[in-house]
Amino acid sequence: MKLTVFYDGQFWVGVVEQRENETLKAVRYVFGSEPKPEEVLAFVNGPMLALLDKCHTAAAIPAQLQRRKNPKRIQREVAKEIKERPFSTYAQTALKLELEHRKKERKVL
C-alpha cells in the first residue's frame, strides 16, 4: 500500500495505491489546504481503508521479477520517483475505472 500526497495546482490530494497479486486499486482523496502531519495520520488511521473497501474496480498490472537491488540504486530510484509524476499510470487507470463504475451506479439509481 502506498500513499502519495501532492499539490495538483488547486488542492492537496492524496492517492492511495494498493497492490493485490496482479491488480491495483487506487483511490483519490482531496485534503483541500496543505495537510499537516496529524491530518495525514488521521486519514491513514481513519477513512483510508474504508475508501479502499468501497473501490469496486482494479487495473491489471504485469507481474515483475523480484531481484535484490543495490541500496545506492534504490536511493537513485527514490529520488527519481520524487521528481517524476506523483502517481503511476496504473493508478490513473484504476481511478478512471472506478469513476466509470460510480457513474454507472448513479445512472442506475
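Numbering of residues begins at 1 and proceeds along the displayed sequence.
Taking the side chain as every heavy atom from C-beta outward, K2 and R19 never approach each other to under 4.5 Å. Residues F6 and V15 have side chains in contact (heavy-atom distance under 4.5 Å, counting atoms from C-beta outward).
Linking Ile, Leu, Val, Met, Phe, Trp and Tyr residues whenever their side-chain heavy atoms come within less than 4.5 Å places L3 and M1 in a single cluster.
In this structure, E17 CD and L95 CG are separated by 8.5 Å, a value rounded to the nearest 0.5 Å. Note that CZ of R73 is 5.5 Å distant from CZ of R76, once rounded to the nearest 0.5 Å.
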Under 3.5 Å, sequence neighbours excluded: what are the donor-acceptor pairs made by side chains of residues 99-109?
| unit_1 | atom_1 | unit_2 | atom_2 | d |
| --- | --- | --- | --- | --- |
| H101 | NE2 | E105 | OE2 | 3.0 |
| R102 | NE | E98 | OE2 | 3.3 |

Donor-acceptor list for residues 26-55 side chains, cut-off 3.5 Å, not counting sequence neighbours:
| unit_1 | atom_1 | unit_2 | atom_2 | d |
| --- | --- | --- | --- | --- |
| R28 | NH2 | D8 | OD2 | 3.3 |
| N45 | ND2 | L41 | O | 3.4 |

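Listed by chain and residue number, E20 satisfy the side chain to side chain donor-acceptor pair (under 3.5 Å) test with Q18 (two or more places apart in sequence, or in another chain).
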